[in-house]
There are 2 protein chains.
Amino acid sequence: MQDVAREAGVSASTVSRALSGNGYAAEDVRKRVHAVAARIGYIPDANARSLRNRSSHSVGVLISDLRNPFYADLAAGVEQRLRSAGYHMILVNDDGHAGEEMLAVQTFAAMRVAGVIVTPVSVEAVKSLHQHGVHVVQADRRISARHGDAVLGDNEAGAELVTRHLLQLGHRRIALLIDETKWTSGAGRLAGYRAAHAAAGAPVDEDLIAFTSFDAAAAGATAGRLLDARPDVTALFAANNVLAQGAFAEFQRRGLRLPDQLSIAAYDDVPWMSLVRPAITTVSQHTFDLGRRCADVLLARLSGEYAEDGPPRLVRVEPALFVRGSTGQAPPVGERANDRKAR
Amino acid sequence: MQDVAREAGVSASTVSRALSGNGYAAEDVRKRVHAVAARIGYIPDANARSLRNRSSHSVGVLISDLRNPFYADLAAGVEQRLRSAGYHMILVNDDGHAGEEMLAVQTFAAMRVAGVIVTPVSVEAVKSLHQHGVHVVQADRRISARHGDAVLGDNEAGAELVTRHLLQLGHRRIALLIDETKWTSGAGRLAGYRAAHAAAGAPVDEDLIAFTSFDAAAAGATAGRLLDARPDVTALFAANNVLAQGAFAEFQRRGLRLPDQLSIAAYDDVPWMSLVRPAITTVSQHTFDLGRRCADVLLARLSGEYAEDGPPRLVRVEPALFVRGSTGQAPPVGERANDRKAR
DNA sequence: TTCCGGTGTGGCATCGTTGCCACGTTGAGG
DNA sequence: CCTCAACGTGGCAACGATGCCACACCGGAA
């Protein structure tokens, strides 16, 4: 900056004003300064700026697993919006591990980020950010209603959509393959599954709610065991794309004819679901858009459009059901078990 | 920091030494300072540190499209390594657009990042970073041999592997669906395709090299037109996962029986390729690992393990061919065209 | 002529950290 | 008893950018 000032024959203050546009600067001086800056390749130091202004243009984004297309899409949506608003994204994977999440929180706090968008794992992380005065947006699931805004899919509505669809096809023994129900995402999906049953006057068979771990292989094994134990099951609803992948691979391995022998539906629409045959009926969360909305909510706080200290906002992104070939009419009673065993 | 100093009854200098471990600090003082810092939740300001130390722990990562699993895997690999080395990742999508890439370069320069890992679009961006004294690692493709290190897959070897595989199955009219050959990635794949033909003494029919744009829908259309124009084609090699997706969807739409009527192979192994039936024969680039290697190469420069001003390094990640169901014996001459038209 | 508001500019303190320097203090060795 | 090295500590000047303040100049109004 001193170099630019010297070359342009002005003071550092004037260079600052000329380049930033804050304060007076004569037209010719402004031009000269810009020219010199461009010539010698001067780029203002963002760290010095952040230090002086006590705010940075960095936003922390904390997700579980970038290799899962759900999180990748979410991050991509966030990044697109942030970038167009002049912010950039510090992306950290926490692998769903609270310890890593807490480390990332420390990092973000140290960087004095403008805000953090997080698919939260533990309340402590969100609380800690809040205490450090960092704006937080909880994405996809909400772990604390008091600390920071949230942008969520309507998991209950989505799960109800897909469950109702299955019920309408005549299915009465619908298995639910799910990994967790302690977060709002899993809890909502379970609630929607129940609500659809209740609305249809169909009892929920608790044995058909199969808990598994967040891992395609484990999900496949769990789904397989469930089918073995309960040959009367006619449909399976996998609560997210990873579980669906595991289940689908397992059914393929077993040579099941979908949807004749078994209907399968999923939550989360990811590209492979339209490529496989039959294509998978699923609930789209509009994940990319969800990400953009997260960024919007954060940017609204930063710009003061919403009071910095206003009450927490909750934005819902409505899900949509995409019916594809993997769900079909339930087979007439009595034929199902034999059908599957015959193969 | 002043607060901590006051509470602990020492000076700011001592707090700095006690917390950072650089320089002397008595054991009891060190403990007291740590205790106070933890109690009042003091986290050193990373911006002030970067300013003072003239270096940050941020690494810029510049990719084309986070929603493409190839780039997502790459970024995930990079992030994992960076994180374990105490760095973090500023992730920017440039959508394959040189303008956006240049903007990101400006941002990274302003942030005084420790280094940049980029899947480059234009030489200018890489040059510009180099001129600003930023360490650059070119990932997946190399656009400048002079500016910065590179970590690349061996595209020629990979393409040769898959083409040879098709030739060995008796295919002689193998279409190549490719989007660009101006980057080392595309050029290498084309070269490998030619090399395999040459090694087998099979002539390359230049009309079977179909150029398309980087877009699944366009790739599908191009592949369709090619098949219509050349019913004698018995195999198609798609030069990346997006093109393969477009082509596969198109063939599925046409109801082609794979691999009987047409064999299809791809470059890049992404999850859907194992889920569809037939599963797709493809070349794995070990993308996640590629990302880790990129980070390794950068970290080696930063740690001084490789001289800061040493010559550019080039690291190759060997690809591997995964043969799956989508490639089969070429049908006997004379049957192919009729087969396809019959449907 | 004096006063005043609008322009335009430079000086300076400041943001939070760090590392050099100078200054104790201590204990061992000559 | 003096010297000297090894510790430990505080003061201070940076790192680069910014914005307040003071000041200087100008034209117009009183």
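Predicted model only: the values in this text are computed from it and were never measured. Each chain gets a letter, A, B and so on, in the order the sequences are listed, and its residues count up from 1.
Residue B:Val15 is classed as having no contact, given no heavy-atom separation below 4.0 Å to the nucleic acid.
Note: CG (B:Asp28) to P (D:dT9) measures 7 Å, nearest angstrom. Whole-Å rounding puts the B:Gln2 CD to D:dC12 C1' distance at 12 Å. Regarding B:Asn22, its CG atom lies at a distance of 16 Å from the C1' atom of D:dC7, rounded to whole Å. In this structure, B:Met1 atom CE and C:dG19 atom C1' are separated by 11 Å, rounded to whole Å. Between the CG atom of B:Leu19 and the P atom of C:dG16 there is a distance of 16 Å, given to the nearest Å. Taking atom CG on B:Asp3 and atom P on C:dT17, their separation rounds to 10 Å, with Å as the unit.
When distances run from any side-chain atom of A:Ser11 to the nucleotides C:dG19, C:dG11, C:dG8, the shortest one goes to C:dG11.
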Short heteroatom pairs, N/O only, protein and nucleotides 20-26 of chain C, under 3.5 Å:
none

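Under a 4.0 Å N-O distance rule, the pair B:Asp28/B:Lys31 does not qualify as a salt bridge. Under a 4.0 Å N-O distance rule, the pair A:Arg6/A:Asp3 qualifies as a salt bridge. Between B:Asp296 and B:Arg293, none of the side-chain N atoms (NZ, or NE/NH1/NH2) sits under 4.0 Å from a carboxylate O, so this pair counts as no salt bridge.
Side-chain atoms of A:Arg54 never come within 3.5 Å of backbone atoms of A:Leu51 as a donor-acceptor pair (strictly under, hydrogens ignored). When atom types are taken as modelled, the side chain of A:Asn47 and the backbone of B:Met111 share a donor-acceptor pair closer than 3.5 angstrom. The main-chain N or O of A:Arg141 is never found under 3.5 Å from a side-chain atom of A:Ser185 such that the two would form a donor-acceptor pair. The closest donor-acceptor contact from the side chain of A:Glu79 to the backbone of B:Asn93 lies under 3.5 Å.
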For residues 118-130 of chain B, dump all side-chain donor-acceptor pairs below 3.5 Å to protein atoms at least two apart in sequence or in another chain.
{"from": "B:Thr119", "atom 1": "OG1", "to": "B:Leu62", "atom 2": "O", "distance (Å)": "3.4"}
{"from": "B:Ser122", "atom 1": "OG", "to": "B:Glu101", "atom 2": "OE1", "distance (Å)": "3.3"}

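Listed in residue order, the members of residues 32-58 of chain A having a heavy atom less than 4.0 Å from DNA chain C are A:Leu51, A:Arg52, A:Arg54.
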